[in-house]
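These numbers were taken from a predicted model, which means no experiment stands behind them.
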Amino acid sequence: SQPVTRAHLPHSKMRIFLLALLSTSSTAIFLHCEFAFDSWSPIGNVYICRATPLDVSVNQTHVLGYYGTHAAGYLSSDVKAIWFRANCDQLTHVPRGLLDFFPNIVEISIHYCGIVTLSGHELEEYPKLQSWTMPGTEVEKIPGNFFKPTPDMAFVGFQNNKIKYVGRKLLESLTKLQKVNFQENVCINDFSMNFNEVRKLIDGLKLKCAEGDETTTE
């Protein structure tokens with residue numbers, strides 16, 4: 001099937017356009033989406049894209065299009081969640097440009113991908129996010145401003161990473177948090193399953209993970 005891209009080109013020119021992108025772009029990715037409804041999402045039974053990133057470059061950053069067939073009667077605007085869970089080892093950055101194709105996403109889940117560092121600016125273009133999970137990466141530090149752009153965040157997961165340090169104010173501004181998972185990390189192994197336990201986990205992060213690291217104390 002033809003990919004959906006930002007460029008609205010005739011089909012006869014689309015293949016040439018894609019070949020040019022694949023051969024010249026150093027920061028582009030395409031997604032293969034398996035569209036489905038899934039009740040495992042923490043935000044409920046939602047219409048999701050189970051996304052497989054198609055390898056374009058080592059330092060993939062920006063989504064330029066996707067392949068996939070929607071369920072009958074549904075459009076990209078109905079997609080509420082993006083799950084990256086396959087062929088993810090070369091995804092070294094949180095993808096940019098997802099809202100160009102899925103403007104109403106409120107959940108991003110990136111499982112066991114190749115992300116090793118976070119700048120703190122990754123979620124600036126996703127202010128409506130309610131759920132963020134990123135288990136199984138090599139991340140060691142989370143900047144304190146990481147969730148500053150997402151005030152409605154309710155579910156956070158960084159389980160099975162290698163986190164040693166977090167910013168002291170990492171979760172302070174998130175007044176709607178319901179569940180947080182920091183199990184199996186270097187500095188902390190804890191999770192909260194309800195609103196009342198969240199405060200204890202935030203205090204634990206400050207005590208165990210925010211000491212002696214000036215670069216993550218925003």
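Residues L64 and F30 form a side-chain contact, since some pair of their non-hydrogen atoms from C-beta on lies under 4.5 Å apart.
In this structure, K200 has no side chain to side chain donor-acceptor pair (under 3.5 Å) partners at least two apart in sequence or on a different chain. Residues that satisfy the side chain to side chain donor-acceptor pair (under 3.5 Å) test with T137, not counting sequence neighbours, are N161. Listed by chain and residue number, nothing satisfies the salt bridge (charged side-chain N to carboxylate O under 4.0 Å, His left out) test with E124 (two or more places apart in sequence, or in another chain). For E122, the side chain to side chain donor-acceptor pair (under 3.5 Å) criterion is met by S119, not counting sequence neighbours. In this structure, the salt bridge (charged side-chain N to carboxylate O under 4.0 Å, His left out) partners of R199, at least two apart in sequence or on a different chain, are E172, D203. For T175, there are no side-chain contact (heavy atoms from CB on, under 4.5 Å) partners at least two apart in sequence or on another chain. In terms of the side chain to side chain donor-acceptor pair (under 3.5 Å) criterion, residue partners of D152 (sequence neighbours excluded) are, by chain and number, K176.
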Would you tabulate the side-chain donor-acceptor contacts of residues 44-54 under 3.5 Å, counting partners in other chains and residues two or more places apart, or write 'none'?
from	atom 1	to	atom 2	distance (Å)
N45	OD1	D38	N	3.3
N45	OD1	S39	N	3.4
Y47	OH	H70	ND1	2.9
Y47	OH	A71	N	2.9
R50	NH1	E34	OE2	3.1
R50	NH2	D38	OD2	2.8

Show every donor-acceptor pair shorter than 3.5 Å between a side-chain atom in residues 126-135 and any protein atom, with sequence neighbours excluded, or say none if there are none.
from	atom 1	to	atom 2	distance (Å)
Y126	OH	P95	O	2.8
Y126	OH	L98	N	3.4
T133	OG1	S109	OG	2.8

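Taking Ile, Leu, Val, Met, Phe, Trp and Tyr as members and joining any whose side-chain heavy atoms lie under 4.5 Å apart, directly or through other members, V116 forms no hydrophobic cluster with any other residue.
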Where do I29 and L91 land on the side chain to side chain contact (heavy atoms under 4.5 Å, CB included) test, with the steps shown first? CA-CA 9 Å; I29 57 176; L91 190 66; 4.0 Å; yes
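Follow the hydrophobic side-chain contacts under 4.5 Å out from F155 and you never reach I188; the two are in separate clusters. Residues L123 and V106 do not share a hydrophobic cluster, clusters being chains of Ile/Leu/Val/Met/Phe/Trp/Tyr side chains in contact below 4.5 Å. Using a 4.5 Å cut-off between side-chain heavy atoms of Ile, Leu, Val, Met, Phe, Trp and Tyr, with links allowed through other members, L99 and V4 fall into the same hydrophobic cluster.
Considering CD of E184 and CG of D190, their distance stands at 11.5 Å, rounded to 0.5 Å.
Within 6.0 Å of CZ on F37 lie more than 12 heavy atoms contributed by other residues, nucleotides or ligands.
Taking the six-membered ring where the residue is Trp, the centroids of F102 and Y66 are separated by under 6.0 Å.
In this structure, S76 contributes its side chain and F101 its backbone to a donor-acceptor pair below 3.5 Å.
Residue pairs meeting the salt bridge (charged side-chain N to carboxylate O under 4.0 Å, His left out) criterion with at least one member in residues 73-96, sequence neighbours excluded: R96-E125. Pairs passing the ring pair (Phe, Tyr, Trp, His ring centres under 6.0 Å) check and including a residue from residues 169-193, sequence neighbours excluded, read F158-F182.
A pairwise comparison of heavy atoms in N145 and H121 identifies ND2-CE1, 4.2 Å as the closest pair.
Taking a cutoff of 4.0 Å between a charged side-chain nitrogen and a carboxylate oxygen, K162 and E138 qualify as a salt bridge.
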